[in-house]
Amino acid sequence: MTNRDRVPTGITGMDELISSGFSDRSVNVVSGPAGSGKSLMSMHYIYNGAAKYGDTGIYLTLEENRENIVKAMTSYGMDIERLEDEKKFYLLDMSAIRRKCSEDMEEDMVGFQALQKLLENLLNYSGAKRLAVDSLTAIGLYYNEASGILRRELFRFGAFLKEKNVTSLLITESLENGELTRYGIEQFVGDSFITMGLEEMKGELRRTITVRKMRFTKHDTAKHPLLITPQGMQISPEAKVF
Ligand SMILES: Nc1ncnc2c1ncn2[C@@H]1O[C@H](COP(=O)(O)OP(=O)(O)OP(=O)(O)O)[C@@H](O)[C@H]1O
Ligand SMILES: [Mg+2]
């Protein structure tokens, strides 16, 4: 698609919160605890882009392997393999790198510079308009957090993405101690920052979503309920959680 200034997620109820979609060519950061729906949001974003809006997309997975992503997407009715055949969807499986990280094989880890080279080629080749990185956590493990290099490299990576003709979704985790992001810096790289929540209320888990910032955009600021059903994720833009 050309000549547009918003990039819709196509997720039920979500685009209403963000003036019809992400800003074109923006970098968007989403954080949340385990099981809050971050990966599912990435799947919807790339799948809907290709299936509903004609945008080629890249889903870079550093957590779950290909088999698990395909299984999950298929269970939500997203026919990823057809879109792959049509070269509208690229699933880039770098989950092996994370497994190696945890085995302490440093030479197999990937930093932002290596990732940038790889993405540069794939973005040029595929003409992708959408990118999801799930998640930044595995890349951050490459760096010594105290050195300040992670911060510099993450900001460089964000600047690289903004130069490209792509609208990105970068996933990161929030921490149990209340920190909104794993490294405490990811929210500053994004043109937008969205948090997902998982809260216990009266013995039941409730999922929520809040748009915390979105540059140059009138956006909703309330915390809204988010449901995951067999059809995927849906947000209630008219309902608020207190
Ligand atoms: N059919 C369904 N109905 C309701 N909830 C479901 C259904 N399928 C999956 N879920 C829930 O959705 C969650 C999956 O969300 P997702 O994998 O996107 O979370 P995440 O934030 O990426 O987690 P992680 O940090 O572990 O990667 C599961 O933990 C499960 O609780
Ligand atoms: Mg996930």
Side-chain angles (χ1 to χ4, degrees), residues 9-14 17 22 28-49 51 57-80 89-102 110 115 130-141 168-184 186-187 190 192-212 223-236 239 241:
T9 64
I11 296 170
T12 306
M14 172 136 177
L17 302 181
F22 296 128
N28 304 280
V29 174
V30 173
S31 83
S36 56
K38 306 180 295 293
S39 294
L40 181 55
M41 177 182 284
S42 311
M43 293 169 196
H44 277 309
Y45 175 62
I46 301 296
Y47 177 83
N48 288 342
I58 301 170
Y59 187 136
L60 169 59
T61 174
L62 291 130
E63 311 240 326
E64 304 287 344
N65 64 19
R66 176 185 169 86
E67 196 187 337
N68 286 340
I69 301 281
V70 173
K71 207 190 288 172
M73 291 185 70
T74 305
S75 81
Y76 290 113
M78 304 185 214
D79 183 0
I80 165 183
F89 192 115
Y90 292 82
L91 180 56
L92 195 53
D93 180 1
M94 294 178 73
S95 59
I97 286 165
R98 185 183 169 96
R99 283 196 295 279
K100 283 179 178 156
C101 282
S102 45
V110 66
L115 186 62
R130 300 182 183 219
L131 167 71
V133 178
D134 184 13
S135 73
L136 295 174
T137 305
I139 310 165
L141 294 175
S168 325
L169 189 62
L170 307 182
I171 302 297
T172 191
E173 338 171 305
S174 58
L175 304 184
E176 304 248 331
N177 67 8
E179 289 288 337
L180 293 175
T181 54
R182 170 74 170 75
Y183 298 107
E186 298 92 312
Q187 58 269 53
S192 84
F193 179 46
I194 294 172
T195 53
M196 304 179 72
L198 195 60
E199 299 165 10
E200 203 178 315
M201 276 283 286
K202 296 179 189 149
E204 277 191 42
L205 283 179
R206 288 208 312 193
R207 291 194 169 78
T208 63
I209 183 166
T210 311
V211 182
R212 300 186 76 100
K223 189 189 271 189
H224 295 278
L226 183 152
L227 275 182
I228 299 179
T229 73
Q231 285 74 45
M233 173 177 286
Q234 61 190 63
I235 292 158
S236 309
V241 179

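Numbering of ligands and ligand atoms starts at 1, following listing order. Not measured: the values here are computed from a predicted model.
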Asker: Please find out if the Mg ion (ligand 2) and some N, O or S atom of S39 are separated by less than 2.8 Å.
Answerer: yes
Asker: Give a yes/no verdict on whether any heavy atom in H44 is under 4.0 Å from an atom of ligand 1.
Answerer: no
Asker: Give a yes or no on whether atom 6 (C) of ligand 1 lies under 4.0 Å from any heavy atom of the protein.
Answerer: yes
Asker: Could you tell me whether A72 approaches ligand 1 through its side chain, its backbone, both or neither, with non-hydrogen atoms closer than 4.0 Å?
Answerer: neither
Asker: For ligand 1, is P33 a contact, meaning one of its heavy atoms is under 4.0 Å away?
Answerer: yes
Asker: Look at the side chain of R130 and the backbone N and O of Y45, then say whether any donor-acceptor pair between them is shorter than 3.5 Å.
Answerer: yes
Asker: If you look at every heavy atom in T61 and L91, which pair is closest and at what distance?
Answerer: CG2-CD1, 4.1 Å
Asker: Checking H224 side chain against I209 main chain: does a donor-acceptor pair fall under 3.5 Å?
Answerer: no
Asker: Could you establish whether G32 and ligand 1 come within less than 4.0 Å of each other, counting only heavy atoms on the residue side?
Answerer: no
Asker: Could you check, using the six-membered ring where one of them is a Trp, whether Y47 and Y76 have ring centers closer than 6.0 angstrom?
Answerer: no
Asker: Provide, to 0.1 Å, the distance between atom 19 (O) of ligand 1 and the closest protein heavy atom, together with that atom's residue and name.
Answerer: G37 N, 3.1 Å
Asker: Please identify which atoms of ligand 1 are closer than 4.0 Å to at least one heavy atom of R207.
Answerer: 11 (C), 12 (O), 13 (C), 30 (C), 31 (O)
Asker: Go through ligand 1 atom by atom and flag the ones less than 4.0 Å from a non-hydrogen atom of L40.
Answerer: 18 (O)
Asker: Between atom CG of L92 and atom CG of L60, what is the distance when rounded to the nearest 0.5 Å?
Answerer: 5.0 Å
Asker: I need the I69 CD1 to S39 OG distance, nearest 0.5 Å.
Answerer: 6.0 Å
Asker: Between K223 and E199 (salt bridge meaning N to carboxylate O under 4.0 Å), is one present in this structure?
Answerer: yes
